[in-house]
J.: 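There's a structure below that I have some questions on.
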Protein chains: 2
Amino acid sequence: MDQTGETRRDPRRGRTRRALLDAALELVEKKDNFTALSLRLVARKAGVVPTAFYRHFPDMDALGLALVDESFRTLRQLMRDVRAVGLPQKQVISTSVQTYVRYVRDNARHFQFVAKERFSGSQPIRTAIRQEIRLFTSELATDLSRIPFLAKVSAEDLQMMASLVVNNMTSLTEQILDIPVDDRAEEAFLARVAEKQLRLIFLGAASWRSQP
Amino acid sequence: MDQTGETRRDPRRGRTRRALLDAALELVEKKDNFTALSLRLVARKAGVVPTAFYRHFPDMDALGLALVDESFRTLRQLMRDVRAVGLPQKQVISTSVQTYVRYVRDNARHFQFVAKERFSGSQPIRTAIRQEIRLFTSELATDLSRIPFLAKVSAEDLQMMASLVVNNMTSLTEQILDIPVDDRAEEAFLARVAEKQLRLIFLGAASWRSQP
DNA sequence: CACCAATGTCAACACCTGTACACAAAGTTA
DNA sequence: TAACTTTGTGTACAGGTGTTGACATTGGTG
C-alpha cells in the first residue's frame, strides 16, 4: 500500500522508506538471508532508530513483500520494453539473452533477494514470489502462441514450454549472480550455454506435436 | 568426519548425533530456514542441553554440511540403482520421472533442506551444494554420451544438455515439495508436465548438431 | 502565525542467543 | 574393580532481539 505516496505528503516518509529498503537489500548480500536480518539491523543500516521502522512497515515481512513487488515491477517493465521493440527474428535468442544478462547485472541486488527468498523465505514471501513467476510464465506462454511454428500447440503444452524456458532463465540468473561481477569471461560463457539451451528447446518445440 | 564411527565407540554418540540431525531437519520444515535455526533450538528439539551440541559439531555450519553430505549420498545411491537396472528404452523417461518423484516424496525433508539452502545458506553450505550438483550434472553428461543418437555431440554440448535436464529436475523437485503431500492429482500433473519437458528436450537433442 | 498529524527518538522490558567453564554420569579398557 | 575417556549437565555472562509507551521534532495546512 501507499506506493504512490499520494496521501502522505511528508518528504521524509519516502526517504527513510527507501533507506530501509536499500539497507535490507545491502544486508541480504552480506548476511545470507532476508530471514536472517533483524529489524534493528536494518534500521541501524538505514541510519534510523529501531522504532522508526514501524512508521513504514508493520514488520519485516511487510518490507520483504515490498521488495518482491519492486523486483518484479522492474522486470515486467523490461519485458514490456522487449515486446515493444519487437523481434529481429534472426538473433532473437542471442540478443534476448544478452539483454537479460545485462539487466540481471544491473539489478543484481533485487535478483539476489528473489533468488534467496524464493524457497527459504517466510511463507507469505514465498507465495508472493511464486505467484509473480506463475504470472510471468503465463505471459510468456501467450507470447509463444504467436510464434508461427507453435500455432498448433495446445494451451497446456505452451504453458509447459514457457515454464521450461523460465526454469532455464531462472537457472541462468542464479548462476550469473554466483560469479564475481568482474568475471566477464565466465559471464559470457554462461550466456553462451544459456543461448544453446534455448536454441535446443526451440528446436524441440518446433517438432513438437500436441496430443489431442 | 567420523561418519563411520569406527574410532568412537560410545553408543550415545551416534544416537544424539542422529537426534541433532533429525531435529534440524524437522525444524527446517517449521521455521523457514536452516540459517534461521539456533543452536539452542536444535539442541532443545533433540532433547539435549545446548552445550552437548559441541560434543558432535563445532557449530551449526558443520551440522549443515553433514546434512548436505547425507542428502546427496542417498541421491547418488538412487542414481546408481537406476543405472544398474538399465533402461527399458521405451518408457525410460516416464518411469524415471515416476521413480524420482516417489524418491523426492520419501526423502522430502532432505530435499527441502537442500532446496532452501542452495541459495540462501551460508557460503560454505552453498558451495558444498553447488559442488554436488556440478558433480551430479557431469555424471549425467557421461550417461548421455552413451546414448546412440548423441554420439556425435561435443563434450561441452553434452554438459549443456545435462544441465538442461538437471535444471528441470530441480524445478520439478521444488514444485513437488511445494504441494501438500496428499495432493496426488497435482503431483501426477507435475510429473506429466516434467515428462513432456524431458521429451521435448530429447527431441531437440536428437536433431542437435554441435559446431566444430 | 498556530495547529495538528506524521515522523523520529529515547529508555525500558522480557526474552533468546552463542559460548566458556567446572562438574557429573556413563561407557570402555586394563 | 579401578582408571580413563567420552558424553551430557548446570551455571553464568555479555550481547542482540522485538515491541511498548511517552516524548520531541518536523513539515504541511488552516
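None of the values given here were measured: they were computed from a predicted structure. Naming convention: chains lettered A, B, ... in sequence-line order (proteins, then strands); numbering from 1 in each chain.
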J.: Verify the distance criterion only: is there a donor paired with an acceptor across the side chains of A:N33 and B:T35 at less than 3.5 Å?
T.: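 Yes, because at least one side-chain N or O of A:N33 sits under 3.5 Å from a partner of the opposite role on B:T35.
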
J.: Relative to the 5' end of DNA chain C, which residue comes earlier, B:R15 or B:S38, by the nucleotide with the nearest heavy atom?
T.: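 Upstream on the strand: B:S38.
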
J.: What's B:R44 touching, base or sugar-phosphate or nothing? Going by heavy atoms closer than 4.0 Å.
T.: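 Sugar-phosphate, no base atom in range.
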
J.: Looking at the base of C:dG18, is there any donor atom on it, or on the side chain of B:R40, that sits under 3.5 Å from an acceptor on the other one?
T.: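 A donor-acceptor contact between them is present.
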
J.: If you check every side-chain atom of B:L41, which of C:dA6, C:dT17, D:dG8 has the closest atom?
T.: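 Taking heavy atoms from C-beta onward, the closest nucleotide is C:dT17.
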
J.: When you get a sec, tell me which of D:dG18, D:dT25, C:dT19 is the closest nucleotide to the side chain of B:P50?
T.: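 In terms of side-chain proximity for B:P50, the closest of D:dG18, D:dT25, C:dT19 is C:dT19.
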
J.: Starting at atom CZ of A:F57, determine the distance to atom C1' of D:dT19, rounded to an integer number of angstrom.
T.: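 Taking atom C1' of D:dT19 as the reference, CZ of A:F57 is at 18 Å.
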
J.: What is the distance, rounded to the nearest whole Å, between atom CG of A:L20 and atom C1' of C:dG8?
T.: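 Distance, rounded to whole Å: 12 Å.
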
J.: Expressed as a whole number of angstroms, how long is the span from B:R13:CZ to D:dT5:P?
T.: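 Going from CZ in B:R13 over to P in D:dT5 covers 16 Å.
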
J.: Using the ring centroid of each side chain, check whether A:F72 and A:F136 are separated by less than 6.0 Å.
T.: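 No.
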
J.: In whole Å, I'd like the distance from the CG atom of B:L63 to the C1' atom of C:dG18.
T.: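 To the nearest whole Å, that distance equals 15 Å.
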
J.: Between B:L39 and A:A52, who's closer to the 5' end of DNA chain C by nearest nucleotide?
T.: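 Whichever sits nearer the 5' end wins; that is A:A52.
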
J.: Measure the distance from NZ on B:K45 to P on C:dC16 and round it to the nearest whole Å.
T.: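 Atom-to-atom, B:K45 to C:dC16, this comes out as 16 Å.
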
J.: I'd like to know if A:T51 reaches the base of C:dC10 with its side chain such that a donor and an acceptor end up less than 3.5 angstrom apart.
T.: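 Such a pair exists between side chain and base.
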
J.: I want to check one thing: is the phosphate of D:dG8, taken as OP1 and OP2, less than 4.0 Å away from some side-chain N or O of B:R55?
T.: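 So the side chain of B:R55 is outside the cut-off, no N or O lying under 4.0 Å from OP1 or OP2 of D:dG8.
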
J.: Separation of A:M60 atom CE from D:dT17 atom P, in whole Å?
T.: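 Nearest whole value for this atom pair: 11 Å.
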
J.: At what distance, to the nearest 0.5 angstrom, does CD1 of A:I133 lie from OG of A:S163?
T.: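 Atom-to-atom, A:I133:CD1 and A:S163:OG are 11.0 Å apart.
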
J.: If you check the A:R12 side chain, which of D:dT9, C:dA26, C:dT7 turns out closest?
T.: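 Shortest atom-to-atom distance from the side chain points to C:dT7.
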
J.: Ignoring hydrogens and geometry beyond distance, is a side-chain donor-acceptor pair present between B:H56 and B:T16 at under 3.5 Å?
T.: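 Yes, B:T16 and B:H56 have a side-chain donor paired with an acceptor closer than 3.5 Å.
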
J.: Is there a side-chain contact between B:H56 and the phosphate of D:dT6, meaning an N or O under 4.0 Å from OP1 or OP2?
T.: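 Looking at the OP1 and OP2 atoms of D:dT6, neither is under 4.0 Å from any side-chain N or O of B:H56.
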
J.: So if I take every side-chain heavy atom of A:Y54 and compare against D:dT17, D:dT20, C:dG8, which nucleotide ends up nearest?
T.: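 Of the options given, the side chain of A:Y54 lies nearest D:dT20.
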
J.: Compute the ring centroids of B:F34 and B:F113, then answer whether they are less than 6.0 Å apart.
T.: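 Yes - the distance between ring centres of B:F34 and B:F113 falls below the 6.0 Å cut-off.
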
